[in-house]
Amino acid sequence: SIGVYGAPIASVLCYLVALSMNLYFLKRLGYLKDSIFSLFSKPLICAALCGASAYAVVFVGRMVFSSETRITSLIILAAAGIVGVAVYAVSMLAVKGITCDEVRILPKGNRICEFLLRKGFIKEKK
């Protein structure tokens, strides 16, 4: 009765089991100091804002461009992607969901980290 949907359902369930086991042992061994809720709540809220802003850009883009051609679809999609990434990054900085160590792994991360530290967007972990 599940049919073709069985493979994606099984994949999601498999990853959920692996995630829950990893989180359990990280918490048990003391490597995970934050609660599970705080670990997932900030990125979830920011992802919802990202999705809503990208959807709004697509909605407005379809109203602005009366004809739907490939080039207009490309413009709308690119704009929605750029706005979504920007909203996600800004909202993660606003809710203090990004640490200095995470920024430092990026290309030019040390310079970006120093800038964000000077502006007060992130704090150095002690």
Side-chain angles (χ1 to χ4, degrees):
S1 68
I2 294 175
V4 73
Y5 300 110
I9 291 171
S11 294
V12 169
L13 289 175
C14 174
Y15 285 117
L16 283 175
V17 168
L19 172 73
S20 61
M21 290 172 61
N22 284 330
L23 288 175
Y24 171 75
F25 284 108
L26 284 173
K27 189 78 168 171
R28 183 174 164 201
L29 296 173
Y31 294 114
L32 188 61
K33 303 201 179 3
D34 295 335
S35 71
I36 304 295
F37 177 75
S38 68
L39 184 67
F40 288 109
S41 62
K42 290 178 183 179
L44 182 66
I45 291 167
C46 296
L49 290 173
C50 167
S53 65
Y55 182 79
V57 168
V58 170
F59 183 78
V60 170
R62 285 187 178 164
M63 288 181 5
V64 169
F65 294 107
S66 58
S67 65
E68 191 167 325
T69 62
R70 287 184 181 187
I71 194 71
T72 58
S73 296
L74 174 69
I75 292 168
I76 293 169
L77 179 64
I82 291 168
V83 168
V85 168
V87 166
Y88 186 79
V90 168
S91 61
M92 281 296 280
L93 287 172
V95 299
K96 306 288 187 211
I98 299 175
T99 64
C100 203
D101 293 336
E102 294 168 342
V103 174
R104 283 198 172 112
I105 352 178
L106 297 172
K108 306 281 185 190
N110 288 329
R111 294 179 70 189
I112 296 170
C113 183
E114 294 303 319
F115 173 77
L116 293 174
L117 283 169
R118 270 195 320 268
K119 296 298 181 182
F121 291 118
I122 59 176
K123 293 182 181 177
E124 187 76 48
K125 230 179 190 180
K126 294 176 180 162

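- Its side chain within the 4.5 Å cluster rule, Y5 clusters with I2, V4, I9, L13 among the Ile, Leu, Val, Met, Phe, Trp and Tyr residues.
- The shortest non-hydrogen separation linking E102 to I105 is O-CG1, 3.2 Å.
- Rounded to the nearest 0.5 angstrom, I45 CD1 and F40 CZ are separated by 13.5 Å.
- Across all their heavy atoms, V58 and A80 have their closest contact at CG2-CB, 3.8 Å.
- Taking all atoms of both residues into account, the shortest heavy-atom contact from S67 to T72 is O-OG1, 3.4 Å.
- M21 shares a hydrophobic cluster with V17; the chain of contacts runs through ILVMFWY side chains whose heavy atoms sit under 4.5 Å apart.
- Under the 4.5 Å side-chain heavy-atom criterion for Ile, Leu, Val, Met, Phe, Trp and Tyr, L74 and F65 are members of the same hydrophobic cluster.
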May I have the step-by-step check of side chain to side chain contact (heavy atoms under 4.5 Å, CB included) for L117 and C100, ending in yes or no?
CA-CA 8 Å; L117 283 169; C100 203; 3.9 Å; yes

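- Side chain of K96 to backbone of F121: a donor-acceptor contact under 3.5 angstrom is found.
- In this structure, S11 contributes its side chain and A7 its backbone to a donor-acceptor pair below 3.5 Å.
- Note that the OH atom of Y55 and the SG atom of C50 stand 15.0 Å from one another [nearest 0.5 Å].
- A donor-acceptor contact shorter than 3.5 Å is absent between the side chain of K42 and the backbone of L39.
- With rounding to the nearest 0.5 Å, the separation of OG1 in T99 from CD in E124 is 9.5 Å.
- Under a hydrophobic-cluster definition in which Ile, Leu, Val, Met, Phe, Trp and Tyr are linked whenever side-chain heavy atoms come within less than 4.5 Å, directly or via other members, Y24 and Y31 are assigned to different clusters.
- More than 12 heavy atoms of other residues, nucleotides or ligands shown are found within 6.0 angstrom of CZ on R104.
- Linking ILVMFWY residues whenever their side-chain heavy atoms come closer than 4.5 Å, directly or via other members, places L116 and I98 in the same cluster.
- With hydrophobic clusters built from ILVMFWY side chains whose heavy atoms lie under 4.5 angstrom apart, F115 shares a cluster with I112.
- In this structure, the side chain of K119 does not engage the main chain of E114 through any donor-acceptor pair within 3.5 Å.
- Of all the heavy atoms in C46 and V95, the pair that sits closest is SG-CG2, 3.8 Å.
- I36 and L19 fall within the same hydrophobic cluster, defined by Ile, Leu, Val, Met, Phe, Trp and Tyr side-chain heavy atoms under 4.5 Å apart, directly or through other members.
- The nearest pair of heavy atoms linking M92 to P43 is SD-CA, 4.1 Å.
- For the residue pair I122 and C113, the shortest heavy atom distance occurs at CD1-SG, 4.1 Å.
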